Every structure is written in C-alpha cells, then in structure tokens.
Trainee: 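Have a look at the structure that comes next, please.
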Amino acid sequence: MSLCADLHCHSVYSDGTLLPAELVRRAVAAGVELLSLTDHDATGGLEEAAREARACSLGFLPGIELSTTWAERNIHVVGLGIDPDQPLLREGIARIAEIRLRRAEAIAGRLGRAGIPDTLNDALALAGPGTVTRSHFARCLLARGQVGNLQQAFDRYLGRGKPAHVCVVWISIEEAVQWIQAAGGVPVLAHPLRYGLSGAWTRRLLEAFRSAGGKGLEVISGPQHKSQTDLLADHAMKHGFLASCGSDFHTPDQRWCRLGMAGAGALPAKNTPVWSVWPEMRFAGEPG
Ligand code: AMP
Ligand code: MN
Ligand code: MN
Ligand code: MN
C-alpha cells in the first residue's frame with residue numbers, strides 16, 4: 001500500500017505563513033500520513049508540530065532544510081528524523097542565524113540605496129519567531145506597494161544579480177551532512193532541478209552530495225512534470241539514493257503548491273522510499 005508522505009514544508013519558524021499546529025491539522029485534512037516540517041535553518045516549530053501530530057495520530061519526522069553553498073550556488077539539504085537538541089546541530093543553526101542577520105542588514109542597506117529605506121525592522125518583525133529570509137523582505141516590499149506581487153520582489157530586487165541581492169557563503173554540503181548525521185537524521189538533497197544547473201552540473205552536484213555522505217534525493221518536489229520525476233528517479237537509482245518527496249509548501253495562498261500533493265503513491269516503484277529507514281514507524285493505512 002502506498003503512503004501519502006510530505007517530507008518538506010515550512011511554517012512561521014522560517015518563511016511559511018502557518019503555525020506548526022495549523023500546518024499539521026491541514027496536512028491531516030489533506031490525507032497526509034507521514035509529515036516532516038523542514039523550516040529553513042530552524043527547528044523552533046518542531047516541538048509544537050510533533051505535539052499536534054501525536055494528538056492527530058499523524059506520523060511525524062522532525063526535519064530541517066539547511067542552506068549550503070556549493071560551487072557558488074545556494075544548495076538546500078534537508079535533514080529528516082533529526083534530534084533538534086543535538087549540540088553540533090544547535091551550534092550550527094546559531095551560526096547560520098548570525099549569517100542570516102548580517103545578510104538581512106546588508107539587504108536592507110542595498111534596498112536603501114535603491115530608494116527603499118528602513119526595511120530591516122519590518123523584515124525582522126515579519127519574520128517574528130522564525131529565521132529572517134528573503135521572503136520576508138519580499139513581503140515588506142509588497143506591503144509597501146513597491147511591487148505588485150512576491151515574485152516581482154525577487155525579479156526586481158532580491159533575486160541573483162538584482163540590486164538588493166547579497167551573496168553570502170553559507171555552510172558547506174559536508175557540514176550540513178555532518179550536522180544532520182550527528183543529530184541522527186538522514187540527509188536529503190532538496191529539489192535538485194531548481195538550482196538552474198545544466199545536466200552535467202546536476203550530475204556533479206549529485207556526486208558531491210553522495211561523497212559528502214548524502215543519503216536521499218527529493219524525487220518529487222511540489223508541482224513538477226512527469227518527465228522530471230522520471231529523470232530524478234533515474235538519478236536516485238544511478239547514484240544509490242533513497243527517494244524522498246515533499247510539497248515545499250509555504251502558504252495556502254500559493255494554490256499550486258498544496259500539502260500532500262507530492263506524496264500520494266507517486267514515487268516511482270523502482271525507488272526505495274526514504275521512510276524505509278524507519279521500519280519501526282507504523283503509519284495509518286499500513287498493515288501491521
Ligand atoms: P533565503 O533562504 O533567505 O535566501 O530565502 C529563500 C526563500 O525565498 C526560498 O526558500 C523561497 O521560499 C523564496 N524564493 C527564493 N527565490 C524565489 C523566487 N525567485 N521567487 C519566489 N520566491 C523565491
Ligand atoms: Mn522558502
Ligand atoms: Mn529549498
Ligand atoms: Mn523548502
């Protein structure tokens with residue numbers, strides 16, 4: 001029997017708009033049987049999500065999405081089944097929080113020079129308890145009427161090569177894998193086709209991630225074409241990766257990206273699902 005898993009989504013603890021408990025309730029309503037909350041460089045929402053998941057009898061894996069730099073690209077590594085209290089991971093998260101804060105100051109400086117002053121406090125207020133991300137600056141620009149929608153904020157100001165883009169060096173892929181493994185989790189390469197890499201560079205990335213100790217690949221990430229699923233399923237087989245799937249849900253406002261959309265038995269049968277790592281977990285609808 002296939003499992004409806006969603007192993008990649010965001011709450012207000014990074015750039016999502018839902019509280020963790022609300023996210024869990026919506027996942028249950030959407031038919032999700034196994035959920036992982038994977039906020040950007042943050043674990044603050046995991047306790048609330050785990051508590052609500054227990055109350056709803058939903059399978060839950062504590063997760064995270066770490067920001068790394070590889071070949072001057074921003075590559076995301078998801079950790080599934082992590083212990084958020086593990087010291088190496090905790091110290092690492094604090095280090096990235098510092099990078100994010102310094103970058104936010106620099107972004108605000110650049111926006112100021114582009115004629116949009118005093119955005120730092122707005123972005124920090126919008127981030128609330130969560131990590132401050134470019135999405136918060138995008139929301140600030142939208143609220144001020146500087147752009148007509150969030151995509152425009154990236155296209156005009158925050159995206160790579162735009163006036164308020166700030167290059168930072170995040171952690172390395174090796175560090176991300178080490179921290180996740182130290183915390184007892186499984187490192188998974190997030191959305192491999194969303195980095196704008198050529199086929200050759202994608203293969204290089206997969207090899208680098210594998211040699212760093214990476215174990216899984218998101219074969220399905222949100223809305224994608226079947227040809228992309230087939231390509232990633234082949235990559236997973238060729239490089240010996242477990243297959244993961246996740247919506248990368250951020251907000252109900254994005255109607256094209258819904259909780260559970262990636263995981264209802266859609267992983268190709270030839271792949272080994274990443275949840276085979278936790279044989280002791282029993283999910284609703286599964287025998288035994
Ligand atoms: P950050 O990690 O702070 O650089 O923020 C990145 C987040 O901004 C991503 O996780 C996406 O949610 C969002 N994002 C990045 N690029 C774009 C884009 N071109 N359009 C819309 N959202 C984007
Ligand atoms: Mn995001
Ligand atoms: Mn990502
Ligand atoms: Mn994500």
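The residues of the chain are indexed from 1 along the displayed sequence. Remember, predicted model here, so these are calculated numbers, not experimental data.
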Trainee: Below 4.0 angstrom, N of the basic side chain to O of the carboxylate: do D234 and K238 qualify?
Mentor: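 No, no charged N to carboxylate O under 4.0 Å.
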
Trainee: For the side chain to side chain donor-acceptor pair (under 3.5 Å) test, which of E65, H40, E218 pairs with H76?
Mentor: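 Going through E65, H40, E218 one by one, the side chain to side chain donor-acceptor pair (under 3.5 Å) with H76 is satisfied by E65 alone.
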
Trainee: Would you say L80 ends up clustered with Y13 if hydrophobic residues are merged whenever their side chains have heavy atoms under 4.5 Å apart, either directly or through other cluster members?
Mentor: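 Different clusters.
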
Trainee: What I want to find out is whether R26 reaches E22 closely enough, with some N-O distance under 4.0 Å, to be called a salt bridge.
Mentor: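 Answer for the salt bridge query: yes.
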
Trainee: Using the side-chain contact (heavy atoms from CB on, under 4.5 Å) rule, take I220 and L232 through it: C-alpha gap first, then chi angles, then the decisive distance, then the call.
Mentor: CA-CA 8 Å; I220 303 180; L232 290 169; over 6 Å; no

Trainee: Would R73 and W70 count as a cation-pi pair here, with the cationic atom under 6.0 angstrom from the ring centre and within 45° of the axis?
Mentor: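 Not flagged: R73 not positioned over aromatic ring of W70.
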
Trainee: Within a strict 4.5 Å, meaning less than it, do heavy atoms of the V28 and E33 side chains meet?
Mentor: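 When only atoms from C-beta onward are counted, E33 and V28 do not touch, as no gap falls below 4.5 Å.
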
Trainee: Quick one: do L120 and I99 end up in the same hydrophobic cluster if we chain Ile, Leu, Val, Met, Phe, Trp and Tyr together by side-chain heavy atoms under 4.5 Å apart?
Mentor: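 Shared cluster, yes.
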
Trainee: Can you tell which of Q224, H225, Q228 makes a side chain to side chain contact (heavy atoms under 4.5 Å, CB included) with L193?
Mentor: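 Only one of Q224, H225, Q228 forms a side chain to side chain contact (heavy atoms under 4.5 Å, CB included) with L193, namely Q228.
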
Trainee: Membership question, hydrophobic clusters at under 4.5 Å side-chain separation (ILVMFWY): are M261 and V188 in the same one?
Mentor: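 No, V188 does not connect to M261 through the hydrophobic network.
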
Trainee: Checking side-chain contact (heavy atoms from CB on, under 4.5 Å) for the pair F60/L34: CA distance, chi angles, key distance, verdict?
Mentor: CA-CA 6 Å; F60 182 75; L34 177 64; 5.9 Å; no

Trainee: Is atom CZ of R90 surrounded by more than 12 heavy atoms (other residues, nucleotides or ligands) closer than 6.0 Å?
Mentor: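 It does not: R90 CZ has 12 such atoms or fewer within range.
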
Trainee: Should D122 and R144 count as an ion pair when the cut-off is N to O under 4.0 Å?
Mentor: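 Looking at D122 and R144, the cut-off is met.
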
Trainee: Charged N to carboxylate O below 4.0 Å: is that the case for R102 and E105?
Mentor: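 The answer is yes: the pair qualifies as a salt bridge.
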
Trainee: Could you tell me whether R203 and E207 make a salt bridge, using a distance below 4.0 angstrom between a side-chain N and a carboxylate O?
Mentor: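 Answer for the salt bridge query: no.
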
Trainee: For the residue pair R210 and F241, would you count it as a cation-pi contact if the rule is NZ or CZ under 6.0 angstrom from the ring centre and within 45 degrees of the ring axis?
Mentor: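 Yes - R210 lies over the ring of F241, closer than 6.0 Å to its centre and within 45° of its axis.
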
Trainee: Counting distance only, does the side-chain N/O of D83 pair as donor-acceptor with the main-chain N or O of A183 below 3.5 Å?
Mentor: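 No, because the side chain of D83 does not come within donor-acceptor range (under 3.5 Å) of the backbone of A183.
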
Trainee: Verify the ring-centre separation between Y157 and F137: is it less than 6.0 angstrom?
Mentor: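 Ring centroids of F137 and Y157 are no less than 6.0 Å from each other.
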
Trainee: Please round to the nearest 0.5 Å and tell me the distance separating atom CG of N149 and atom CG of D155.
Mentor: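 Reported value, rounded in 0.5 Å steps: 8.0 Å.
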
Trainee: Below 30° counts as parallel, above 60° as perpendicular, anything between as tilted: where do the rings of H250 and H10 land?
Mentor: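 Because their plane-to-plane angle is under 30°, the rings of H250 and H10 count as parallel.
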
Trainee: Quick one: do D248 and R194 make a salt bridge, cutoff under 4.0 Å?
Mentor: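 A salt bridge links D248 with R194.
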
Trainee: Using a 3.5 Å distance criterion without hydrogens, assess whether the side chain of T38 forms a donor-acceptor pair with backbone atoms of C9.
Mentor: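 Between the backbone of C9 and the side chain of T38 there is a qualifying donor-acceptor contact (under 3.5 Å).
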
Trainee: Can you give me the closest heavy-atom contact between A30 and L259, atom names plus distance?
Mentor: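 Heavy atoms only, the tightest pair is CB-O, 3.6 Å.
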
Trainee: Taking the side chain as every heavy atom from C-beta outward, state whether I64 and L66 have any atom pair closer than 4.5 Å.
Mentor: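 A side-chain contact exists here, since the closest heavy-atom pair is under 4.5 Å.
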
Trainee: Does a salt bridge link D41 with R100, judged by any charged N lying under 4.0 Å from a carboxylate O?
Mentor: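 Between R100 and D41 there is a salt bridge, with a charged N closer than 4.0 Å to a carboxylate O.
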
Trainee: Are W170 and L158 connected, step by step, through hydrophobic side chains (Ile, Leu, Val, Met, Phe, Trp, Tyr) whose heavy atoms are closer than 4.5 Å?
Mentor: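 Yes, one cluster joins them.
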
Trainee: Should L126 and V147 be regarded as members of a common hydrophobic cluster, given that ILVMFWY residues are connected when their side-chain heavy atoms come within less than 4.5 Å of each other, either directly or indirectly?
Mentor: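 No, it is not one cluster - the side chains of L126 and V147 are not joined through contacts under 4.5 Å.
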
